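The model shown is predicted, which means the values in this text are computed figures rather than measured ones.
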Amino acid sequence: MNRFPLIFGHYFKRTICNPINLLIYLLLPMGLVTLNMLGNIGMFELMGGDLAAAGDAVAANATLLAAVFMVAFQFFSGELLMENIYDNFKEGPVRWRLLASPVPMRTFLAGAVVANWVFNLLQALLIFTVVGLLFDVRWGNPLMFASVILTVSILSQLIGALVSQVVPKRKAGTVTINVFCFGMMFLSGFLFIPLGDSAIATFITSYGTPLALAYRAILYAGPVLDDMGQALFNLSILGGITLVTAILVFIFGRRRTS
Amino acid sequence: MTIFRFALLRGIRSPLTLLFTYILPIVIILIRPMWIGEGLGLGAGGFTFLFMVTMLSAYLMSLSILTDKIDGTVLRILAAPIPMWRYLAENLLSCAVPLVVQMAIVSVLGHVLYDWSLTLSIAVFLCYTVLTLASVAMAFAWHCLFKGKEGNATGFSLVLFLGTFLSGLVFPTEVFPGLLQYVGTIFPAYWASRGLRDVLATGAMSGDYWLGIAAMLLFAVAFLLYGGKRRIV
């Protein structure tokens with residue numbers, strides 16, 4: 001009998017019903033995106049700018065912010081899967097009960113992975129809907145946008161799985177994934193610390209991290225940067241990174257049988 | 001001051017606390033582009049980042065009080081001939097003192113490296129010192145709300161990130177529409193940023209600055225009273 005739907009439902013309900021998850025992974029990105037956009041629009045008006053005349057520039061700024069926050073929080077959400085793996089499959093008493101059950105471990109893992117992935121996509125959908133309604137955000141080509149978000153959401157799950165396999169303890173895993181995500185934001189120039197205008201800094205902020213590749217792919221696919229060829233190039237690099245990460249997860253995952 | 005010494009050493013032993021309290025403030029002041037030029041918020045971003053690091057450090061340093069509550073150390077303290085107020089006071093002092101020392105170093109380096117006037121250096125030191133006291137008190141009151149670590153860090157990071165925007169650290173609060181301009185007044189950081197913005201604009205510690213200092217001190221007293229009244233066991 002196929003237990004996958006039951007296991008998926010359990011992990012999805014557990015993710016959705018946890019108020020902390022809703023606060024951090026749904027409310028916080030909404031709040032940050034909204035406040036950032038309101039702040040930018042307000043600053044523009046405060047400095048004497050004409051919103052009506054500068055519609056395209058304001059929309060471009062709004063799209064940039066929305067894209068960056070959407071992609072960044074996709075990566076942060078990989079921590080959910082990592083925590084599920086540590087709690088149920090690596091540490092604590094649940095692991096032994098699962099091993100004693102007649103359901104293969106891979107079914108439990110698949111249920112957890114898919115449940116967290118669906119939550120990731122819900123998060124993206126929420127941000128997409130709310131900022132689209134409140135602000136003039138121009139996402140561009142819908143197929144390219146969906147492809148980028150799908151790739152990033154899969155990559156974030158793989159990163160969460162990889163960290164849980166490589167790092168022995170949950171606390172260290174949490175620190176690792178946070179350092180990774182904040183590190184990407186820093187290298188993309190979104191953490192108050194400017195990296196400068198040198199050729200190396202420009203390359204790093206434009207192509208040096210999956211975050212930069214993803215948000216710029218979204219911008220290239222729309223009227224903001226308008227270069228579909230570059231968008232496809234970024235997406236293909238992201239796809240390559242996802243493939244390599246998947247292989248690493250497979251290799252490290254097979255190291256242990258329990 | 002045994003508890004003070006012990007709590008200080010415990011803070012140093014934690015890698016995250018070591019990073020945020022002892023290393024990051026010095027690193028930030030040495031990054032020149034963060035202090036030269038203009039940005040959306042306070043100056044070029046250095047002051048904003050330093051605010052966030054101060055609040056986060058205060059939280060991390062005071063986490064030991066929650067840890068003592070969870071693992072039962074507080075019960076052993078209660079059985080010892082040390083009054084509870086002394087235990088709390090020395091713990092909170094161990095959270096505040098390293099940060100105050102860091103802010104003194106930051107002010108001196110700012111004066112030396114970026115030609116801050118004496119007034120600005122003193123204003124920055126005083127502002128961040130009082131913010132440290134208010135943040136430590138706020139973190140202490142925050143820890144008193146929770147029985148365990150679950151949700152504690154998550155909730156605080158939510159408060160910290162949203163509070164950073166609403167307090168005027170990234171954008172002046174005037175840019176937000178309607179009532180959103182005034183939501184930030186519930187955070188000590190709002191008063192700190194208001195005071196510092198006044199000093200940066202006028203070059204003197206005028207009424208707005210001292211109002212900010214007074215507000216932060218009131219916040220500190222209020223949070224300490226709240227945390228002190230709640231049962232720590």
Side-chain angles (χ1 to χ4, degrees), chain A residues 18-49 51 61 65 69 72-73 76-77 79-80 83 87 134-135 169-172 174-176 178-179 181-182 185-186 189-198 201, chain B residues 14-16 19 24 27-53 56 60 146 148-178 180-181 183-184:
Chain A
N18 188 337
I20 295 168
N21 292 341
L22 297 178
L23 279 175
I24 285 292
Y25 298 111
L26 294 183
L27 180 65
L28 184 60
M30 296 310 317
L32 288 178
V33 169
T34 308
L35 287 173
N36 235 315
M37 291 206 187
L38 285 173
N40 273 287
I41 291 170
M43 276 303 289
F44 182 73
E45 285 181 316
L46 197 73
M47 291 194 298
L51 266 182
N61 198 30
L65 287 170
F69 276 103
F73 271 93
F76 276 109
S77 302
E79 197 176 330
L80 279 173
E83 284 173 5
D87 287 345
L134 292 177
F135 305 102
K169 292 283 179 201
R170 181 197 166 131
K171 207 171 164 187
T174 306
V175 171
T176 306
N178 278 304
V179 166
C181 292
F182 279 110
M185 291 193 74
F186 163 68
F190 287 102
L191 214 57
F192 301 111
I193 305 171
L195 289 182
D197 295 323
S198 65
Chain B
S14 161
L16 262 182
L19 173 71
L24 221 45
V27 168
I28 288 168
I29 193 66
L30 294 176
I31 301 175
R32 197 175 180 83
M34 291 185 81
W35 302 95
I36 304 296
E38 288 296 315
L40 288 174
L42 288 168
F47 290 112
T48 302
F49 208 53
L50 205 55
F51 273 128
M52 292 180 74
V53 167
L56 204 47
L60 288 170
F146 293 85
K149 285 188 181 171
E150 186 71 31
N152 184 309
T154 314
F156 193 82
S157 58
L158 189 75
V159 166
L160 179 69
F161 282 115
L162 292 179
T164 301
F165 282 91
L166 293 168
S167 301
L169 294 177
V170 181
F171 307 104
T173 50
E174 297 83 41
V175 307
F176 294 119
L180 216 51
Q181 290 182 26
V183 173

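Listed options B:Val175, B:Leu166, B:Thr173 were ranked by heavy-atom pairs under 4.5 angstrom with chain A; first place goes to B:Val175. Per-residue counts of heavy-atom pairs under 4.5 Å with chain B were compared for A:Leu23, A:Asn36, A:Leu27; the largest is that of A:Asn36.
Contacts of B:Pro177 classified as side-chain contact (heavy atoms from CB on, under 4.5 Å), with partners at least two apart in sequence or in another chain: A:Leu38, B:Leu180. Considering only residues two or more places apart in sequence or on other chains, B:Val27 meets the side-chain contact (heavy atoms from CB on, under 4.5 Å) condition with B:Ile23, B:Ile31.
In this structure, chain B has a heavy atom under 4.5 Å from the side chain of A:Leu46, while its backbone stays farther away. Contacts between B:Phe161 and chain A at a heavy-atom distance below 4.5 Å involve backbone atoms as well as side-chain atoms.
Scanning all heavy atoms of the two residues, the minimum distance from A:Leu32 to B:Leu162 falls at N-CD2, 4.1 Å. A:Ile24 and B:Ser157 make their closest contact through CD1-OG, 3.6 Å (heavy atoms, listed as atom of the first residue, atom of the second, distance). Closest approach of A:Leu35 and B:Phe171 over heavy atoms only: O-CE1, 4.1 Å.
Each of A:Leu28, A:Ile20, A:Asn21, A:Asn18 was compared with B:Thr154 under the side-chain contact (heavy atoms from CB on, under 4.5 Å) criterion, and only A:Ile20 meets it.
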